[in-house]
Amino acid sequence: VESSREGVEAALRARGLRLTAQRRAIVAEVLAARGHISPTSVYERVRAQLPGVNPSTIYRTLEALEETGVLTHTHISSGAEYHRTAEGDHVHLECRRCGGEEVLSADEARPIEAVIRRARGFEADLTHSAIWGLCAQCRSLGEGASGSD
Ligand SMILES: [Zn+2]
Ligand SMILES: [Zn+2]
Ligand SMILES: [Zn+2]
């Protein structure tokens, strides 16, 4: 996957997207970002430089960057977020009580995927959406516990 600015811009042009100043600014934000990339934060940062930018331009450009393999998306309760493809190989855990987020590495998630595969022949992609539950700290407070353990 191409991750230089020139390479990413060339890949977008190859998909028929014109490289407007707005799209170039979006590409620059995405390449500078580390960790989670939310469409809203990209919009806010690009809008600070180019006040006329439309949110739909942000969404369409992020989708095109996913189609070129630069980004992958994941679903958390606040909506879809993106990662640079190389940084997306983990599972999100979200606490329903405090809203805290943790991650499980791909290695840690592998035994869970193996259980699902054995039981149903189903190849689960646990990185695609967050696992919802109760974090250790909230559990230790004893609030909101479901009582099932
Ligand atoms: Zn993540
Ligand atoms: Zn999805
Ligand atoms: Zn919590």
Side-chain angles (χ1 to χ4, degrees), residues 1-5 7-9 11-17 22-49 53-149:
V1 171
E2 186 57 70
S3 60
S4 74
R5 183 169 178 157
V8 170
E9 290 183 353
L12 290 177
R13 269 197 304 272
R15 302 194 70 81
L17 285 185
Q22 295 182 350
R23 287 214 174 93
R24 297 173 71 102
I26 296 166
V27 168
E29 286 297 335
V30 162
L31 292 181
R34 285 291 174 275
H36 294 172
I37 303 170
S38 81
T40 309
S41 68
V42 173
Y43 173 60
E44 277 160 12
R45 285 200 297 267
V46 172
R47 192 178 55 172
Q49 310 159 42
V53 69
N54 193 305
S56 68
T57 303
I58 306 286
Y59 285 99
R60 280 200 308 271
T61 306
L62 291 173
E63 281 169 18
L65 288 169
E66 178 160 21
E67 287 161 11
T68 63
V70 173
L71 296 177
T72 58
H73 75 266
T74 192
H75 303 273
I76 60 175
S77 58
S78 58
E81 292 210 352
Y82 290 87
H83 297 87
R84 303 275 301 282
T85 297
E87 298 172 358
D89 201 15
H90 55 264
V91 178
H92 298 93
L93 306 178
E94 256 190 285
C95 179
R96 66 170 177 257
R97 172 156 295 267
C98 70
E101 291 178 31
E102 292 179 61
V103 299
L104 211 55
S105 71
D107 280 347
E108 290 173 312
R110 215 157 274 138
I112 308 170
E113 293 173 348
V115 165
I116 296 170
R117 197 181 313 112
R118 274 200 302 275
R120 292 291 180 275
F122 186 86
E123 185 84 28
D125 178 2
L126 297 179
T127 68
H128 191 75
S129 38
I131 296 175
W132 190 240
L134 206 56
C135 75
Q137 200 182 346
C138 290
R139 285 184 61 215
S140 73
L141 296 173
E143 297 173 84
S146 62
S148 61
D149 75 345

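Atoms within a ligand are numbered from 1 in the order they appear, just like the ligands themselves.
A distance-only check finds a donor-acceptor pair linking the side chain of E108 to the backbone of S105 [under 3.5 Å]. The closest donor-acceptor contact from the side chain of Q49 to the backbone of A25 lies at 3.5 Å or more, if one exists at all.
Ring geometry, H90 versus H83: the interplanar angle exceeds 60°, so the pair is classed perpendicular (tilted spans 30 to 60°).
Vertex the Zn ion (ligand 2); arms to H73 atom NE2 and H128 atom NE2; angle 120° (nearest 10°). For C138 atom SG and C98 atom SG, the angle they make at the Zn ion (ligand 3) is roughly 110°, to 10 degrees. Between the NE2 atom of H36 and the NE2 atom of H83, the angle taken at the Zn ion (ligand 1) works out to 100° after rounding to 10°.
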* To do: Before giving the answer on ring pair (Phe, Tyr, Trp, His ring centres under 6.0 Å), spell out for H128 and H73 the whole-Å C-alpha distance, their side-chain angles and the decisive distance to 0.1 Å.
  => CA-CA 7 Å; H128 191 75; H73 75 266; 4.7 Å; yes
* Asked: Given the rule in the side chain to side chain donor-acceptor pair (under 3.5 Å) test, do N54 and S56 qualify, once you have shown the distances and angles that lead to the verdict?
  -> CA-CA 5 Å; N54 193 305; S56 68; 3.1 Å; yes
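The atom of H92 that is an N, O or S and sits closest to the Zn ion (ligand 1) is NE2. Taking the Zn ion (ligand 1) as reference, H90 places its N/O/S atom NE2 nearest.
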